[in-house]
Amino acid sequence: MIRNRKLARSIADVGWGMFKQFVVYKANWGNKRVVFVDRFFPSSKLCNDCKEKHVMLSLSDRVWVCANCGCEHDRDQNAARNIKEEGLRILQESA
Ligand SMILES: [Zn+2]
């Protein structure tokens, strides 16, 4: 996201590194675990139903239809589901 000029300034203002530190601190405080998904994981572009990658998806595409299975996705909800699944996969691998 930091490579996108429109988002870079907002993310830099928030202080992404500081935010991550707070999340880890709070998780440790509550005896929880934090899993970081790779920054290049294609969470928005991956169809959550069939796992087909939509390579031409742009940031302005808020809703898209998978060319493989025909499923309609809200960009953010689809990304959230993919990130959750990837996080659970990473947890299982490290267990
Ligand atoms: Zn699909």
Side-chain angles (χ1 to χ4, degrees):
M1 287 194 289
I2 206 84
R3 288 185 178 180
N4 180 314
R5 288 183 181 182
K6 293 177 184 173
L7 293 176
R9 185 172 173 88
S10 304
I11 293 169
D13 287 344
V14 170
W16 193 250
M18 185 67 80
F19 175 72
K20 285 170 70 175
Q21 283 182 346
F22 286 149
V23 170
V24 170
Y25 171 78
K26 283 292 189 182
N28 289 339
W29 198 39
N31 203 24
K32 305 290 181 191
R33 190 164 170 204
V34 177
V35 174
F36 291 102
V37 173
D38 189 283
R39 62 187 286 193
F40 296 110
F41 177 69
S43 58
S44 299
K45 297 180 176 180
L46 211 57
C47 172
N48 187 254
D49 285 10
C50 72
K51 310 305 177 200
E52 180 82 4
K53 190 175 175 184
H54 185 334
V55 291
M56 298 303 288
L57 191 69
S58 71
L59 191 58
S60 61
D61 297 330
R62 307 311 302 170
V63 176
W64 59 277
V65 177
C66 176
N68 189 47
C69 70
C71 186
E72 185 177 301
H73 295 290
D74 173 274
R75 178 194 184 93
D76 296 335
Q77 289 177 351
N78 180 61
R81 287 188 198 105
N82 285 329
I83 289 169
K84 178 184 176 185
E85 287 178 4
E86 179 66 2
L88 290 173
R89 187 192 65 77
I90 292 168
L91 265 179
Q92 282 181 339
E93 277 188 359
S94 63

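- Shown here for I83 and S43, the closest heavy-atom pair between the two residues is CG1-CB, 3.6 Å.
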Atom pairs and distances, side-chain donor-acceptor, residues 46-59, under 3.5 Å, sequence neighbours left out:
{"from": "N48", "atom 1": "ND2", "to": "N82", "atom 2": "OD1", "distance (Å)": "2.9"}
{"from": "N48", "atom 1": "ND2", "to": "E85", "atom 2": "OE2", "distance (Å)": "3.3"}
{"from": "K51", "atom 1": "NZ", "to": "N48", "atom 2": "O", "distance (Å)": "2.9"}
{"from": "K51", "atom 1": "NZ", "to": "E85", "atom 2": "OE1", "distance (Å)": "2.7"}
{"from": "H54", "atom 1": "ND1", "to": "M56", "atom 2": "N", "distance (Å)": "3.4"}
{"from": "H54", "atom 1": "ND1", "to": "L57", "atom 2": "N", "distance (Å)": "3.4"}
{"from": "S58", "atom 1": "OG", "to": "S60", "atom 2": "OG", "distance (Å)": "3.1"}
{"from": "S58", "atom 1": "OG", "to": "D61", "atom 2": "OD2", "distance (Å)": "3.2"}

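- For F36, the CZ atom counts as densely surrounded, since its 6.0 Å shell holds more than 12 non-hydrogen atoms of other residues, nucleotides or ligands.
- Taking 4.5 Å as the limit, every side-chain heavy atom of K45 sits out of range of all side-chain heavy atoms of N78.
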Only pairs under 3.5 Å count here: list side-chain donor-acceptor contacts from residues 23-30, not counting sequence neighbours, and write none if there are none.
{"from": "N28", "atom 1": "ND2", "to": "V24", "atom 2": "O", "distance (Å)": "3.4"}

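- Remark: F41 CZ to R89 CZ distance equals 7.5 Å, nearest 0.5 Å.
- In this structure, K20 has no salt bridge (charged side-chain N to carboxylate O under 4.0 Å, His left out) partners at least two apart in sequence or on a different chain.
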